Amino acid sequence: MENIENEMNYQKLIYEESLKQTELIEKQAKNSKIQTIIVSGLMLVVAVALLVLSVQVGGVLEQANSAIDEITVLTTELNTILEESQITELLNNANALIEESGDALTKALEDVDEALGTVSQIDIETLNSAIADLQKVIQPLAKLFGR
């Protein structure tokens with residue numbers, strides 16, 4: 001009988017332990033559910049944030065593409081204007097004109113210098129004397145013609 005009683009106590013003890021284990025498993029299952037809900041909520045928040053961010057990035061990329069297209073158009077127009085205006089040829093012609101003008105100015109200044117040299121060689125006193133002599137000769141002819 002004692003064996004039976006010991007056996008019953010042992011089975012009772014096993015039963016109580018299995019109830020405790022069942023309670024612990026149920027708590028673990030409940031905690032797992034809570035953890036799963038929290039992680040799912042966080043993943044949902046991250047997914048929404050990524051979606052909003054991708055929409056904003058898409059808008060920024062659209063604006064960047066639009067700006068790049070406008071820059072391309074402006075660059076093309078500028079190249080066309082430069083090609084049509086032939087600025088390089090115009091600048092080369094301007095340089096040639098400036099060089100020619102400089103050469104002509106140098107020649108003119110040399111001619112003026114030469115003329116001044118010639119004028120400075122004239123003897124003023126002899127010139128005045130010649131003018132006076134010419135005046136003496138012309139006065140009688142002027143009187144003859146009535147002037």
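All values reported here derive from a predicted model rather than from experimental measurement.
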Taking side-chain contact (heavy atoms from CB on, under 4.5 Å) as the criterion, tell me which of T80, L74, N79, T75 meets it with E77. L74

Rounded to the nearest 0.5 Å, what separates atom CG in N31 from atom CD1 in I38? 9.5 Å

More than 12 non-hydrogen atoms from neighbouring residues, nucleotides or ligands closer than 6.0 Å to CD on E62, yes or no? no

Tell me, do Q56 and V52 make a side-chain contact under 4.5 Å, heavy atoms counted? yes

Under a 4.0 Å threshold between the charged nitrogen and the carboxylate oxygen, would K107 count as salt-bridged to D103? no

State, yes or no, whether a side-chain contact exists between E26 and K30 at a heavy-atom distance under 4.5 Å. no

Distance in Å, L61 CG paired with I68 CD1, rounded so as to fall on 0.5 Å steps: 9.0 Å

Do L50 and L42 sit in the same hydrophobic cluster, where Ile, Leu, Val, Met, Phe, Trp and Tyr count as joined when their side-chain heavy atoms come under 4.5 Å apart? no

To the nearest 0.5 Å, how far apart are CG in L13 and CG in N6? 11.5 Å

Rounded to the nearest 0.5 Å, what's the gap from OG1 on T36 to CE on M43? Could you check? 11.0 Å

Over all atoms of both residues, closest heavy-atom pair of L51 and S54: O-OG, 2.8 Å

Nearest-0.5 Å distance that lies between atom CG in N9 and atom CD in E2: 10.5 Å

How many angstroms lie between atom CD of E17 and atom CD of Q21, to the nearest 0.5 angstrom? 6.5 Å

Can you tell if the side chain of E7 reaches within under 4.5 Å of the side chain of Q11, non-hydrogen atoms only? yes

With side-chain contact (heavy atoms from CB on, under 4.5 Å) as the criterion, how do I14 and Y10 come out once you've worked through the C-alpha distance, each side chain's angles and the decisive distance to 0.1 Å? CA-CA 6 Å; I14 289 176; Y10 182 69; 3.1 Å; yes

Residue I4 excluded, over 12 heavy atoms near CD1 under 6.0 Å: no

